[in-house]
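One structure is given here, and the rest of the page talks about it.
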Amino acid sequence: MNKIKIHRKYLMFMFVFLCIQLSAQNKRDTVVLLNEVIVNAYSKRNVQMRSSQNVVQISESLLKRNFSGSLMHSLEKIPGVKAMSIGSGQSKPAIRGLGFNRLLVAENGIKHEGQQWGDDHGLEIDQFALDNIEIVKGPGALLYGSDAIAGVINLKSSYIPQKTLEGEVNLFGRTNNESIGASVHLGSKKNRFWYKANFTLIDYADYHVPADSIQYYSYYIKMKDRRLRNTAGKEQNGGIHVGFISDRLLTTFYLSDVYVKSGFFADAHGLEVRLSEIDYDKSVRDINLPYHSVNHFKITNHTNYRFDNLALYGDFAYQNNYRKEYSEPVSHGYMPIPSDALERRFDKDTYTANVAIKFALASEHNLYAGFNFERQDNRRGGWGFIIPDFRTNSLGAFVYDRWYLSDKLVISGGVRLDRIQTETDSYKDWYKTPDENGSVVYKERSAALQRTFQCLTWSVGVNYNPEDWIFKANIGKGFRAPIPKELASDGVNYHIFRYEKGNAGLSPEESYQLDAGINWSNEKIDIRIEPYLNYFPNFIYLNPTADYNEGLQMYYYTQSKVFRWGFEFDVNYKVAKCVEMSLTGDYLYARQLSGDKKGYTLPFSPPAGAALEIKYLPQVRLAGTDGYISLVFRAVAAQNEIVPPENVTPGYRLLNAAWGRSFTFGEASMKVGFQANNLLNKRYYDHTGFYRLIDVPEAGRNFSVMIGVNF
């Protein structure tokens, strides 16, 4: 209740401030701002020449066409992009096998700050509020700083309404978890003022898996009706954009609130559930213990102001991520039975400011410079401990230049300096434990700590476009400061079935990477290959051991030298006027060059995979102007490259299908999309999946439908 009151105060303050700003700006005039060009994910020539890194743009229509229940599952068609599933309603992103705090997710230019360090913590973002997505593969530290070693997923809501009233209503559902949902968008533009509002509701039940039982610690767990009990959930999201646009000025205020509540598979949280009095099979839609809830509140402002050959950019934001994790109170080790079910609580405030300037020097150089500031304050609660209270301050400055030698040859490069200060508080158990001297004390899990990290990063790239070819290469250095969980964790993480121990002496993680891209296309065929090399002199990772602490497997944070290489490929061929084929795939090789696991790969490395799609695009009126029918065969190799005590994961083959078309009614239109995933109800395992450790297969056959009406 207190959080709701606080958020209402912010709403009122921002509304008054917005009115004052818009009133003042209404008196200004100048040159017209160009709207952003949105391109299809595969019509990429202009996008690829814009950056020496490998960039993919996904339009809103393509995103909805591939709707798969969560934002990241909808992006899995992109080679090199992976969704680490958390049940059926949430997922975490990964690019080229790197995720968590090595992959930066930005929404409208602001780094999204939740509790992304957790394996079971999904993205608190409404995918139906997005207009397009840009994915940058490879280090993005030059513009964004720490946490962008793997790349950047830039989520955008940049569309400005063009009518006095326009909108969209989407209804959608999925059969596997009986998900139902609706999303409503309204927009209006009058003179130079405009607004957009969105609201989304989703409710889903326990999901089905193609198995009657699973094995956990040699204990067989039977499932009723092949459902993974207590994996139901719900989502409630809302947001509003209010903006002003003139010839020179564009300013947008965005306020959003995302609320998610979902259960965890009860038996995965500990075998004590066998003694529980909760009837988990009573209903497929109830959310019992254990479960989590998270509310992400965000206020942002994006402003840019253009002169003749100069532009100023500013992004400012406040975010509050309020997360609670509940589980049935049980005694563990020396810990007595807690008095309530609140195992953990995290309350994180983040303040962000990004300021940049872009201007042209003569006609050859396009110079971009700026600085970023971020302040985080994370407070914990509950009877379970995994990380202490912490505060971080990050400050970075960069300069970047694009040198146009000709229409076909562009060279780019830049440098950046970052300074990050992290401070953690001491934490002692709320119960007493015998120590090695025979005394009974409140054990200190985490000592007070203050660390400062500095790093200079750089990047140099080239784009060359002779006729039907595009060649690009980029070499650069990225870095990532150790996060508080890696420095100071010391406790049981039930949700991922292990005991985790931090390392206060970790040094900043550095990455040297060479990215390349080769693209050849004509009217019939489009071929793209993207190889990369990656070297970490001090990669930070959670090292699994054969030891046990408090009944769970022991993991500890360590550093080692790591070498990685891989590639993605994408071939599109226009067989006939109405038939297209595409073949996409990716491969990753990783090897530790030092440390306890020298000679092994990295934990939870994704296996190689490829997908063949045949798409029929009927041109007859009956199918609409954008109708399609597609069939996708996906093959994933076995993952035998593991880090003991990991288990190998067998390969699998999947068959998926999709159909869609549009209808027009005067000025209104309707789009219908249908997807069928895992048509043959194949039992398979995702090596990076959240429940892989306890032998839970991925979801079974699933049919999805979406109906959208635009007016």
Side-chain angles (χ1 to χ4, degrees), residues 100-101 113-121 269-270 290 292-294 320-327 329-350 375-393 420-437 439-453 481-506 540 542-543 547-558:
F100 299 92
N101 286 77
E113 281 291 354
Q115 304 287 345
Q116 59 262 41
W117 50 265
D119 300 69
D120 53 337
H121 304 168
H269 203 261
H292 64 168
S293 67
V294 58
N320 176 260
N321 187 274
Y322 189 63
R323 178 182 180 85
K324 293 185 288 187
E325 300 177 0
Y326 296 88
S327 64
V330 295
S331 175
H332 232 314
Y334 292 98
M335 182 184 74
I337 298 177
S339 60
D340 58 32
L342 181 59
E343 181 183 358
R344 296 192 183 106
R345 185 187 70 241
F346 304 105
D347 190 355
K348 183 178 184 180
D349 292 319
T350 303
R375 161 77 178 185
Q376 295 181 29
D377 188 350
N378 201 12
R379 301 165 299 280
R380 61 158 303 282
W383 46 263
F385 174 78
I386 190 68
I387 61 171
D389 291 352
F390 71 82
R391 292 155 299 283
T392 65
N393 290 299
I420 299 176
Q421 185 180 67
T422 298
E423 181 181 1
T424 67
D425 292 344
S426 170
Y427 175 81
K428 293 183 178 181
D429 283 336
W430 54 274
Y431 55 90
K432 291 185 176 181
T433 302
D435 64 10
E436 59 275 8
N437 300 320
S439 302
V440 180
V441 298
Y442 292 102
K443 180 181 178 181
E444 186 178 51
R445 295 275 185 175
S446 176
L449 174 71
Q450 183 171 320
R451 297 284 308 276
T452 300
F453 308 100
I483 61 174
K485 181 173 184 283
E486 296 165 336
L487 295 169
S489 63
D490 186 359
V492 174
N493 192 344
Y494 295 102
H495 301 305
I496 201 64
F497 338 115
R498 63 195 182 205
Y499 190 100
E500 301 177 2
K501 177 70 174 175
N503 181 350
L506 294 174
I540 301 172
L542 198 55
N543 185 30
D547 299 328
Y548 283 79
N549 192 349
E550 298 187 21
L552 290 174
Q553 186 178 349
M554 182 74 177
Y555 286 65
Y556 70 93
Y557 282 100
T558 187

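We count residues from 1, following the sequence as given.
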Just checking, R498 and Y555: is the charged tip under 6.0 Å from the six-membered ring centre and within 45° of the axis?
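That pair qualifies as a cation-pi contact.
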Check whether any side-chain N or O of [X] sits under 3.5 Å from a backbone N or O of [Y] as a donor-acceptor pair, and report yes or no.
| X | Y | answer |
| --- | --- | --- |
| W383 | D340 | yes |
| R451 | A504 | yes |
| T350 | Q376 | no |

If we ignore angles and hydrogens, is there a donor and acceptor under 3.5 Å between the side chains of [X] and [Y]?
| X | Y | answer |
| --- | --- | --- |
| E444 | S426 | yes |
| N320 | D347 | yes |
| E343 | H292 | no |
| Y322 | K348 | no |
| Y427 | D389 | no |

For F453 against A481, the heavy-atom pair lying closest together
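F453 and A481 have their closest heavy atoms at CD1-CB, 3.9 Å.
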If I compare all heavy atoms of V330 with all of P338, which pair ends up nearest, and what's the gap?
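Here V330 and P338 meet closest at O-CD, 3.6 Å.
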Contacts of E486 that satisfy side-chain hydrogen bond (donor to acceptor under 3.5 Å, both in side chains) - sequence neighbours left out:
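Counting only residues at least two positions away or on another chain, E486 forms a side-chain hydrogen bond (donor to acceptor under 3.5 Å, both in side chains) with R480.
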Results of side-chain hydrogen bond (donor to acceptor under 3.5 Å, both in side chains) for W117 - residues two or more places apart only
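So W117 forms a side-chain hydrogen bond (donor to acceptor under 3.5 Å, both in side chains) with Q115.
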Provide the full list of salt bridge (Lys or Arg N to Asp or Glu O under 4.0 Å) pairs with a residue in residues 425-434, sequence neighbours left out, each pair given once.
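Matches after skipping sequence neighbours: R391-D425, D429-R445.
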